[in-house]
Every structure is written in structure tokens, then in C-alpha cells.
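So you know, we letter chains A, B, ... as the sequences are listed, proteins then strands, and number each from 1.
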2 protein chains.
Amino acid sequence: MPKPPGSPLDETDLALLAVLTREADITNKALAHRLNLAESTCAHRVRALRERGIIRDTRIRLDEASVGYPLQAIIKVRLANHTGPTVTALFDALASVPRVLQVFHVAGVDDFLVHVAVEDATALRDIVLEHITVHPVVRGTETQLVFELRDGAGLLAR
Amino acid sequence: MPKPPGSPLDETDLALLAVLTREADITNKALAHRLNLAESTCAHRVRALRERGIIRDTRIRLDEASVGYPLQAIIKVRLANHTGPTVTALFDALASVPRVLQVFHVAGVDDFLVHVAVEDATALRDIVLEHITVHPVVRGTETQLVFELRDGAGLLAR
DNA sequence: AATGAAACCTATGAACC
DNA sequence: GGTTCATAGGTTTCATT
């Protein structure tokens, strides 16, 4: 029987998440031994964490430059008006543009922050002109090149 | 013998990456059958992609709210001066702050964009005051709440 | 580089404590 | 929850091409 969605995470769950956050591809066997759990218990708990949505998914991270997209940028997008359906539709549109990695919908002067990786400056301009400012609701954009992107310490850091 | 770092990706590599990007936890067997490759060939190519650094790593993604950090923000950080060692040291410091998910070092008015997930507004203020503006080189910050964050179409989208 | 088959290892589920 | 065990399934190696 799965735990109710609102159950708090116990110490074991947090320990599992802490290890999985650093080593997502550890085998269940190694994970169980690391935490002194039975393999079946460990597998059961990890499955439960996935079913409860606490672990959303597993992803690989590509080296953007190695696959031909060495230039990254954050494109700030400001809107002319902020009616609900307009904002949502633009959010959808931005997220579906090739080479877009993430789209942040934020509160403030900028409405969206669009993180992209592209092959060169021309491709960056093309995204801004053809996929962003092309929307009438977009009042303006401001592009910042990304020198470097690092992972932070994360949620479970002390 | 691993391929030299500069070798271009062939069609098969791109097909593998396209599948893995969507389903990182697919088994090697299923992946091989999907692309009509022998299992051994498929395993070998994926291993090579990892060794070449094209696949950087595998990560789980947590549901931030479920683990107690329902509030996300982007904190823009502006510096007073931009001497190399200072900037690098601050980059290191920001990336090691608990609850920081990502740090972008960017070119523009803002020098860093710090993406955080926190338990509440108080925790957000504490990060800004105790971990960011505490550095003398930081001239100012501007915090934007994140309403929603979406994945983009990604690098391999057509 | 790719293949198929064997050998090896891991994950899974049942029965029980 | 934990333990044990049996089975199914996945991964790795290697001789071959």
C-alpha cells in the first residue's frame, strides 16, 4: 500500500535521496548496502519515492558544446500585457522552441527568462527574432550571454 | 580505444541521444531493440558517449515542493568590480550555498543569476542577506519569484 | 565497428519472520 | 520492515567477422 502523498519523508528516505542526487545510476544493490538496507526494502522505497512524485524523473545531461551548441544565453522577455491566456500560450510557445533548455516564468520586470544553447550568434539572433519577438505580446527582450553555468549545492545540502 | 574528442557524432549516436534524452532510464536491451542495434553494440556506443563526455552524467530530478522547498526564485547579483579572482571566488561561494540549484555567470548588467528553492520567504531573505550581499564585492541584488519552470524542447529538437 | 551467445550479475516477488 | 530464496531479465565479455 503506497503512502499517502502528504506523508513526511523519514530519515531513510532523505538518505536515499541524498545518495541518488549525487549518483543517479547507482545500482539498487549498492544503494541498499550503502545505507544498510535490505535490497528489497531499498527497491521498494525508491519505487515509492517515484510513485509519490518526490523523484520526478531521471535525465541525462548532455555536454551542449559537444553536440554542436557551444553558445548559451539567457533571454529576458518582457510582455506588453499580462492576461492569463496570453501568458500561458506564450509560455507554451517558448518552451517548444528548439534549442530552448529551460523557461522560467517569473514575477518582476521580466516575465520570462529563456535559457538557450545555440551553435553561434546568428542562431541566437534567429531565435530571438523568429520565435520570441515575433509574438505581438512581447514588448521587448534583453539577451545575456552565459559564460558558465554551475550546479548549486542543491536541496539536501546541510 | 575511445574516439578522439573531436569526432563528429554519427546518425546512430544522435538517435541514441534523442531516445536517452527523453527516457534516461530505458534499459540497454530496450534501447538496442528500438534502434535495431545489437545489445552489445548499443551498450558499447552509449559507454563511449559517456567516456567522451558527450553524455555528462545522469541525474534524478526531485520535486522541490515535496521535499519542503516550495518557493523558487532567481536572484540577480550585480558586482562592484570584476577582477578575475574575485569573480571566480564568488562563483564558487554562490554555488556552494545550500538550496542553490544553479548559478549562471552571465555577461551584462547582472553578473550572476542564482536559482534557488527555499521553504519560505524568510529563508529566501536569509540566503540573500547571509550568503550573497554579505560579500563586499556584491553591489546589489534583485530577486524575482519563479511562478513556474518548464523544460524546453532541448538541443536535439528539430 | 558490429554481432550473437555464453557467462555473469541484478532486480523482482513470494513466503515468512 | 527484514530475510531468504528462486526465477526472470539485463548486462558484459569475447571470439568472430
Side-chain angles (χ1 to χ4, degrees), chain A residues 1-69 155-156 158, chain B residues 1-63 66-68 155-156:
Chain A
M1 190 154 317
K3 285 190 182 181
S7 300
L9 298 168
D10 65 18
E11 289 301 316
T12 303
D13 288 329
L14 289 173
L16 287 169
L17 293 176
V19 174
L20 288 173
T21 293
R22 296 202 159 270
E23 298 173 61
D25 45 15
I26 190 173
T27 63
N28 179 68
K29 182 177 186 168
L31 181 58
H33 292 358
R34 186 88 64 92
L35 301 186
N36 290 331
L37 293 175
E39 292 169 26
S40 56
T41 304
C42 183
H44 183 250
R45 278 184 176 262
V46 173
R47 184 203 308 276
L49 288 168
R50 290 187 184 277
E51 283 170 355
R52 291 163 71 190
I54 290 159
I55 296 174
R56 286 165 53 207
D57 59 13
T58 305
R59 312 221 78 179
I60 61 167
R61 297 198 302 180
L62 299 182
D63 184 70
E64 293 85 2
S66 295
V67 294
Y69 304 104
L155 297 179
L156 303 176
R158 181 207 51 77
Chain B
M1 188 150 318
K3 280 192 183 180
S7 299
L9 298 168
D10 65 17
E11 288 302 316
T12 302
D13 288 329
L14 289 173
L16 287 169
L17 293 175
V19 174
L20 287 172
T21 294
R22 297 202 159 268
E23 298 173 62
D25 46 15
I26 191 174
T27 64
N28 179 68
K29 183 177 187 169
L31 181 59
H33 291 358
R34 186 88 65 92
L35 300 187
N36 290 330
L37 294 174
E39 292 168 24
S40 53
T41 305
C42 184
H44 182 248
R45 292 185 82 120
V46 173
R47 183 201 311 274
L49 288 168
R50 291 187 183 278
E51 285 170 354
R52 292 162 70 190
I54 291 159
I55 297 174
R56 286 164 54 206
D57 59 13
T58 304
R59 312 220 74 178
I60 60 167
R61 297 199 300 180
L62 299 181
D63 184 69
S66 294
V67 295
L155 297 180
L156 304 177

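B:H33 meets the side chain to side chain contact (heavy atoms under 4.5 Å, CB included) test with B:K29, B:E39; sequence neighbours excluded. Residues passing the side-chain hydrogen bond (donor to acceptor under 3.5 Å, both in side chains) test with B:S40: none are found, sequence neighbours excluded. Here B:D57 pairs with A:R61 under the salt bridge (charged side-chain N to carboxylate O under 4.0 Å, His left out) rule; sequence neighbours left out.
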Let me check something: any side-chain donor-acceptor pairs from residues 15-25 of chain A under 3.5 Å, sequence neighbours excluded? List them with distances.
unit_1, atom_1, unit_2, atom_2, d
A:T21, OG1, A:L17, O, 2.6
A:E23, OE1, A:R34, NH2, 3.2
A:E23, OE2, A:R34, NH1, 3.2
A:E23, OE2, A:R34, NH2, 2.9

Working for side-chain contact (heavy atoms from CB on, under 4.5 Å), residues A:D10 and A:R45: CA-CA 11 Å; A:D10 65 18; A:R45 278 184 176 262; 3.0 Å; yes

Steps toward side-chain contact (heavy atoms from CB on, under 4.5 Å) verdict (A:L62, B:L156): CA-CA 10 Å; A:L62 299 182; B:L156 304 177; 4.2 Å; yes

Full working for side-chain contact (heavy atoms from CB on, under 4.5 Å) between B:D63 and A:R52: CA-CA 10 Å; B:D63 184 69; A:R52 291 163 71 190; over 6 Å; no

Polar atoms only, N or O, under 3.5 Å: list the protein pairs with nucleotides 5-7 of chain D and their distances.
none

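Annotation: the span from A:L37 atom CG to A:H44 atom NE2 amounts to 12.5 Å, rounded to 0.5 Å. Between the OG1 atom of A:T58 and the CD1 atom of B:I26 there is a distance of 13.0 Å, given to the nearest 0.5 Å.
Taking atom CZ of B:R45 as the reference point, atom C1' of C:dA1 lies 8 Å away to the nearest angstrom. The CD-P distance, from B:E51 to D:dT12, rounds to 11 Å in whole Å. Taking atom CZ of residue B:R50 and atom P of nucleotide D:dT11, one finds them 12 Å apart after rounding to whole Å.
In summary, the side chains of A:R56 and B:S66 do not present any donor paired with an acceptor at a separation below 3.5 Å, with no hydrogens or angles considered.
For A:R47, a side-chain nitrogen or oxygen approaches OP1 or OP2 of C:dG13 to under 4.0 Å.
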Canonical and wobble pairing (Watson-Crick, G-U, under 3.5 Å) of DNA chain C, dot-bracket with |: |||||||||||||||.|

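Within residues 24-43 of chain B, the residues approached by DNA chain D to less than 4.0 Å at the level of any non-hydrogen atom are B:T27, B:N28, B:K29, B:E39, B:S40, in residue-number order.
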